[in-house]
**Q** 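What follows is a structure written as structure tokens; I'll ask about it next.
Just so it is clear, the structure is predicted and the values come from calculations on it, not from any experiment. So you know, we letter chains A, B, ... as the sequences are listed, proteins then strands, and number each from 1.
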Protein chains: 2
Amino acid sequence: MLKYQEVATKIQQAIYEHNLPKDTQLPNIEGLIQQYQVSRSTIIKALNRLERHGVIYQIQGSGIFVRQPKKRGYLNFLESHGFTVDLNDLPGASQVFNVDVVQPSAKVRENLHCEDDEQVYYIKRLRLVEGKVYGFEQSYYRKKIVTYLNREIAENSIFSYVKDICKINIGFSDKYFKAIKLDEEIAPYLGLNPGDPALCVEEIFYTTAGEPFDFSQIIYHYDNAQFYVQSHSK
Amino acid sequence: MLKYQEVATKIQQAIYEHNLPKDTQLPNIEGLIQQYQVSRSTIIKALNRLERHGVIYQIQGSGIFVRQPKKRGYLNFLESHGFTVDLNDLPGASQVFNVDVVQPSAKVRENLHCEDDEQVYYIKRLRLVEGKVYGFEQSYYRKKIVTYLNREIAENSIFSYVKDICKINIGFSDKYFKAIKLDEEIAPYLGLNPGDPALCVEEIFYTTAGEPFDFSQIIYHYDNAQFYVQSHSK
DNA sequence: AAGTGGTCTAGACCACAAC
DNA sequence: TTGTGGTCTAGACCACTTT
């Protein structure tokens, strides 16, 4: 494991374990160097990582402080489908409708940059959090990259499978979203009525090699699903 | 200006000016060192910055490549209220209803961590993009930090004023959002009907010193407003 | 084997905040 | 003035990809 990742994880764990309140000052950089026995640059890299993830904030000339904990019940929008571990995770489950191999539609082909005769896995499932309907998801995985999928995998975490079993490294993602009016087709899945609001998110995930492998459209329940994003100017 | 920022800006400009298409390979790090006459670490820092902002992606052992341009008509969700410059910006305007000094409600006090008798500026305005109603915004600024505001400033960019005139350094932000059903009070502002969908965003902005200075609630038009977020595992 | 990005180090110096 | 975080450098070495 990389040193700066290790240090970042340890500092974060220390904050959670001791339940340090917002604005608590951490040891200065010199102190952290002594504590973790790594170079200054490594400490700084770890701290910047934590800062970007909303765990701490740093003030030049002053110190390093614990950042506000997130509100409960909100999901991290950026990490809701992969990437770093979220310690405050809520219990989730999936109800899978189908796992099929299909020819992609024009829209899917465009988003995944498919070859002409390429096939994709098409998965339709309902996402549940704490027993409530959270969202209705339709996802497409390029068979060329994710060579095998089944219902059991889709009932658990496809992304864990893709990362750990397929050894695919997830690099980056684009997410597009807006509020929409539910139509007759999708509303029943969420237990809502046509015309009711929803949050529509379209995501494209890329491997570290820059190849798109997953395109998903998720329609989130307007009352059950809420998100947060933390951002930093640095 | 910082070197790594300068290098990042120049590389980004080079990409836009030459209109380099997605997946174009850039010069390798050694080449960039020669071109910009800075150290390896500075180049790497600049590249990582660009990578996080979705401008490029890097593949270990292979090279540095141009990332997909964003879809037109979508607003960068993270930069929609400050932070780094977005070159693809659309023309925007504001219709201001009021700029008042008030006693904050309990909710506002809590989000801004106000003292007991503290006052805040309360601004109510309509955000327009390309002539269309984009969102209805109610924002609160701590008078203690942003000491003066008026209608003219609110008609333009409050954030530019806060940064450039007040010399307040914006550090980080929290955003919470979900889809909602419009009520009778707000729907008319957006030219919509009660019960129609909307995207409700609550944002808190902090100074680099970690003090919250702005709490805003923005209700976005479900058809006119759409956003994107780019994310990176690094 | 050669080329490319990524990590890590030690240390100089700068910028800002608090005393 | 002192303490603190931030930038920048030069260079060694590692990890991955391509040839």
**Q** Select base, sugar-phosphate, or nothing to describe what Ile64(B) touches, counting heavy atoms under 4.0 Å on all strands.
**A**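 Sugar-phosphate contact only - Ile64(B) comes under 4.0 Å of backbone atoms but never of a base.
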**Q** Let me spell it out: for each of Ile59(A) and Gln5(A), pick the nucleotide of DNA chain C with the closest heavy atom. Which residue's pick is nearer the 5' end?
**A**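 Of the two residues, Gln5(A) wins.
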**Q** Mind calculating the distance between NZ (Lys45(B)) and P (dC8(C)) to the nearest angstrom?
**A**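 The answer, rounded to whole Å, is 16 Å.
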**Q** With the side chain of Ser41(A) defined as its heavy atoms from C-beta on, choose the nearest nucleotide among dT9(C), dG5(C), dT7(C).
**A**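 Side chain of Ser41(A) sits closest to dT9(C).
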**Q** So if I take every side-chain heavy atom of Arg40(A) and compare against dA17(C), dG6(D), dT9(D), which nucleotide ends up nearest?
**A**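 Looking only at side-chain atoms, Arg40(A) lies closest to dG6(D).
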**Q** Which of parallel (below 30°), tilted (30 to 60°) and perpendicular (above 60°) describes Tyr140(A) and Phe215(A)?
**A**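 Parallel, since the angle between the ring planes stays under 30°.
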**Q** If you check every side-chain atom of Leu2(B), which of dT9(C), dC8(D), dG6(C) has the closest atom?
**A**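 Closest of the options to the side chain of Leu2(B): dC8(D).
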**Q** Pick the nucleotide of DNA chain C nearest each of Gly63(B) and Val38(A); which residue has the one closer to the 5' end?
**A**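 Nearest-nucleotide comparison on DNA chain C picks Gly63(B).
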**Q** Counting side-chain heavy atoms from C-beta on, which of dT9(D), dT4(D), dT9(C) comes nearest to Lys3(B)?
**A**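 Closest nucleotide among those given: dT9(D).
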**Q** Only Watson-Crick and G-U wobble pairs with both distances less than 3.5 Å should count. Give DNA chain D in dot-bracket notation, marking inter-strand partners with |.
**A** ||||||||||||||||||.
**Q** Quick one: is Ser62(A) getting a side-chain N or O under 4.0 Å of the dG3(D) phosphate, OP1 or OP2?
**A**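 It does not, given that no N or O in the side chain of Ser62(A) lies less than 4.0 Å from OP1 or OP2 of dG3(D).
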**Q** Can the positive tip of Lys10(A) be found less than 6.0 Å from the middle of the six-membered ring of Tyr36(A), inside 45° of the ring normal?
**A**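 Because its charged atom misses either the 6.0 Å distance or the 45° angle limit, Lys10(A) does not stack over Tyr36(A).
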**Q** Name the closest nucleotide to the Gln60(A) side chain, picking from dG5(C), dC16(C), dT7(C).
**A**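 Within the option list, the nearest is dC16(C).
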